[in-house]
Amino acid sequence: MTKEEVLARLQKELELPRLTIKLDEKSYTETDYQVLKQQLLSYFEDYVRQVEN
């Protein structure tokens, strides 16, 4: 997948249409995508939810 495809897929799966993140210009495998997605979810739980509480 290209970085544009990864970003589009994250926006759709995470239901965040305005998500913008910097990605390296490389070819992403499914494993790369899953790791990136998990990192984003962890970041959200660790930092964003703490601010809300």
Side-chain angles (χ1 to χ4, degrees):
M1 286 180 273
T2 66
K3 72 178 189 175
E4 291 82 10
E5 292 170 327
V6 169
L7 183 56
R9 187 170 166 191
L10 285 169
Q11 290 170 333
K12 183 177 180 182
E13 289 185 13
L14 299 178
E15 297 178 358
L16 298 170
R18 294 185 181 170
L19 176 69
T20 55
I21 56 174
K22 291 185 180 184
L23 296 171
D24 294 333
E25 190 71 50
K26 69 174 195 169
S27 180
Y28 289 85
T29 64
E30 182 63 25
T31 303
D32 293 335
Y33 172 78
Q34 293 299 329
V35 168
L36 180 61
K37 181 178 174 184
Q38 190 56 45
Q39 289 173 338
L40 282 171
L41 291 172
S42 292
Y43 172 81
F44 180 79
E45 288 297 321
D46 292 345
Y47 297 101
V48 177
R49 290 241 190 241
Q50 283 185 344
V51 171
E52 290 178 349
N53 296 327

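Only heavy atoms go into these numbers, but all of them, side chains included; no hydrogens, no water, no symmetry mates. Index from 1, following the sequence.
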Quick one, [X] and [Y] - any side-chain contact, counting heavy atoms below 4.5 Å?
X	Y	answer
M1	D32	no
Y28	L23	yes
Q11	L7	yes

Of all residues at least two apart in sequence or in a different chain, which pass the salt bridge (Lys or Arg N to Asp or Glu O under 4.0 Å) check with K12?
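Here no residue qualifies.
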Shared ILVMFWY cluster between L10 and V35, side chains joined below 4.5 angstrom?
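Different clusters: L10 never reaches V35 through Ile, Leu, Val, Met, Phe, Trp or Tyr contacts under 4.5 Å.
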Do F44 and Y47 sit in one hydrophobic cluster, given that two such residues count as connected whenever their side-chain heavy atoms are within less than 4.5 Å of each other, even indirectly?
yes
What residues, two or more places apart in sequence or in another chain, satisfy side-chain contact (heavy atoms from CB on, under 4.5 Å) together with T20?
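Applying side-chain contact (heavy atoms from CB on, under 4.5 Å) to T20 gives none.
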Ignoring hydrogens and geometry beyond distance, is a side-chain donor-acceptor pair present between Q34 and E30 at under 3.5 Å?
yes
Mind checking the [atom1]-[atom2] spacing from [X] to [Y]? Nearest 0.5 Å is all I need.
X	Y	atom1	atom2	value
T2	E25	OG1	CD	7.5 Å
I21	L40	CD1	CG	5.0 Å
E13	L41	CD	CG	10.0 Å

Between D24 and K3, what is the shortest heavy-atom contact and its length?
O-CB, 3.8 Å
